[in-house]
Amino acid sequence: MYAKCGAIDAAAKVFDHLHVKDQVSWNTMISGFDQNGFSKQSLSSFCLMLRNDIQPSNYAIISTLSSLSDIVMCRQVHNLVLKHGMSGDIVLENALLSSYAKSGEMDSCECLFRKMADRRNGVSWNSMISGYIQNGLMQKAMDFVWFMIHNGPKMDGFTFATVLSACASIAALDSGMEIHAFGIRSHLETDVVVGSALVDMYGKSGRIDYASRVFESMNSRNEFSWNSMISGYARHGNGDKALKVFREMQQWGQEPDLVTFVGVLSACSHAGLVEEGSKYFESMKNHGLVPQMEHYSCMIDILGRTGKLNEMEDFIKKMPVRPNNLIWRTVLVACRRSKDGAKSGIWKQASEMLLELEPENPVNYVLISSMYAYRGRWEDVAKTRTAMRTLPVKKEAGRSWVTLHDGLHVFVAGDRSHPNTEEIYAKLHVLIQKIRDEFALYDIDMETKEELLSYHSEKLAVAFVLTRSCRVPIRIMKNLRVCGDCHSAFCYISKIVGRKITLRDCNRFHHFENGKCSCGDFW
DNA sequence: TTAGGGTTAG
């Protein structure tokens, strides 16, 4: 009872005072720790139980497994299962599948899944799909879904929610719509979790109109549904609608949480609503919420974006917690965007703090060097660039991808692995030449010019689409933020090719048309 | 009286 009510200390005290501890009491204690998020204690209780010569039951093993994400421990528990002749218990094997997946061991998962043969149930299939997704193997996950549709059990709400979330993360609109259609046929669109996942998927895939339609038709909504709708509008730069949904949420009686306020504040930031942003930030305490770094970062973004650098500086000084790397990076971005940013003293502080906190993150070096470039401090630009090359700087996994009728095409900067590489580069060279001729980039410094014309992943993706004859609008996705130079290049390209280009980065949507971007918001 | 798979931000 105590464990179920979250009073794990009281539960542990009662357990300690038990004269006789049988299998069930150990099981209850282990699962109590697990359910309350104390995975280490769950594992140590399990080990203690073994040392006390108590035979581990499947209940204890399953509870222990559900909090395990360590491959060595996972293998040891698996050996224990085999030793005690417990393989064949479907719940236990499913727990093993999900632990292997959490440990990043999809090979072991596949091996076990094959051995389970006829015993597999819906949970086993769902565990495999979410395992692929957790490990970033999106294409394998989607292949597995189609395999399940033809060879596996009927998909349930768990499957749909998992798969829709995967579609959302790669903005695979077509696959998401197919899954939606399957969901309707399975009468699962009334499930609140599936509905929320649909709202999120459409919001992240550029169809905010569909997201809204699904949201409006939902019979019941939870905090996930409201948050997905609010963040969806914020991501699309529609601040007013995001705030309208936020007001409706409160009228509906749904209490906002920390995630809600990230959505609300980022909506205010994109819409330039400084007063409203401050008001909502202050109102968090009325809901019993303590602002986290993300909320402080949003406020700094709001102040920085509207050029209020002095207010931004005051806000940072008054922060009750020590600013972290996220905060300082937001400051640098704000300074770079502002006309007076280069004159402001805070960008120097921000750059020093960033290099101290994250000396190996190349993003910081790029931001700092471009600020030096704006100030014409070429020696410092060169120094920062050299530091970036010589330090053990981690390579960013910056990827862009595009979905066409023949599947997903993924690019990294300077990529030459695509089968049509020659054709793609030829197209990109033509574009670059046109940009040179048409826009005569004489007034741009060399540094920016090089960046603007380099082979970043999103430019390779757009060049690839242009090698195909289809005339549909171009939709490119990127897992990192779009840099300012690529942003400018996309403005040029949209004018040259006379086509709409939508680029979704980790943060929001950018719609380019006729040489302009709808949001005017770049890094 | 104990057990496995699901959705939201950054």
Counting only side-chain N and O atoms of [X], is one of them less than 4.0 Å from OP1 or OP2 of [N]?
{"X": "A/Ser165", "N": "B/dT8", "result": "yes"}
{"X": "A/Arg329", "N": "B/dG10", "result": "no"}
{"X": "A/Lys204", "N": "B/dA9", "result": "yes"}

Considering only [options], which nucleotide approaches the side chain of [X] most closely?
{"X": "A/Ser127", "options": "B/dG5, B/dT2, B/dG10", "answer": "B/dG5"}
{"X": "A/Tyr59", "options": "B/dT2, B/dT7, B/dA9", "answer": "B/dT2"}
{"X": "A/Phe224", "options": "B/dA3, B/dG6, B/dT8", "answer": "B/dT8"}
{"X": "A/Leu326", "options": "B/dG6, B/dT2, B/dG10", "answer": "B/dG10"}
{"X": "A/Ala197", "options": "B/dG6, B/dA3, B/dT7", "answer": "B/dT7"}
{"X": "A/Ser98", "options": "B/dG5, B/dA3, B/dT8", "answer": "B/dG5"}
{"X": "A/Val24", "options": "B/dT7, B/dG5, B/dT1", "answer": "B/dT1"}
{"X": "A/Ser63", "options": "B/dG10, B/dG6, B/dA3", "answer": "B/dA3"}
{"X": "A/Thr28", "options": "B/dT2, B/dT7, B/dA9", "answer": "B/dT2"}
{"X": "A/Ser130", "options": "B/dT2, B/dG5, B/dT7", "answer": "B/dG5"}

* Are the side chain of A/Asn135 and the backbone of A/Ala101 linked by a donor-acceptor contact shorter than 3.5 Å? -> yes
* Carefully, step by step, assess A/His78 and A/Tyr100 under the rule side chain to side chain donor-acceptor pair (under 3.5 Å). => CA-CA 10 Å; A/His78 195 170; A/Tyr100 273 129; 2.7 Å; yes
Touch class at under 4.0 angstrom, heavy-atom based, for [X] against every strand present:
{"X": "A/Val194", "answer": "base"}
{"X": "A/Ile90", "answer": "base"}
{"X": "A/Gly157", "answer": "base"}

Rounded to the Å, how far apart are [X] [atom1] and [N] [atom2]?
{"X": "A/Phe160", "N": "B/dG5", "atom1": "CZ", "atom2": "C1'", "answer": "15 Å"}
{"X": "A/Glu223", "N": "B/dT7", "atom1": "CD", "atom2": "P", "answer": "13 Å"}
{"X": "A/Asp34", "N": "B/dG5", "atom1": "CG", "atom2": "P", "answer": "9 Å"}
{"X": "A/Phe113", "N": "B/dG5", "atom1": "CZ", "atom2": "P", "answer": "16 Å"}
{"X": "A/Asn135", "N": "B/dG5", "atom1": "CG", "atom2": "C1'", "answer": "15 Å"}
{"X": "A/Asp89", "N": "B/dA3", "atom1": "CG", "atom2": "P", "answer": "14 Å"}
{"X": "A/Phe15", "N": "B/dT2", "atom1": "CZ", "atom2": "C1'", "answer": "12 Å"}
{"X": "A/Arg235", "N": "B/dT8", "atom1": "CZ", "atom2": "C1'", "answer": "9 Å"}

* For A/Phe113 and A/Phe144, what are the C-alpha separation, side-chain angles and deciding distance, and is it a ring-ring contact (aromatic ring centres under 6.0 Å, His included)? -> CA-CA 12 Å; A/Phe113 186 79; A/Phe144 202 86; 5.6 Å; yes
* Asked: Would A/Asp257 and A/Thr260 count as having a side-chain donor-acceptor pair, cut-off 3.5 Å?
  -> yes
* Could you go through the ring-ring contact (aromatic ring centres under 6.0 Å, His included) check for A/Phe215 and A/Trp226 one step at a time? => CA-CA 8 Å; A/Phe215 181 74; A/Trp226 290 99; 5.1 Å; yes
* Side-chain donor/acceptor of A/Asp191 to base of B/dG6, under 3.5 Å -> yes
* Any N/O donor-acceptor pair, A/Asp156 side-chain to B/dG6 base, under 3.5 Å -> no
* Taking it one step at a time, do A/Phe281 and A/Phe315 satisfy ring-ring contact (aromatic ring centres under 6.0 Å, His included)? -> CA-CA 12 Å; A/Phe281 182 80; A/Phe315 185 85; 5.6 Å; yes
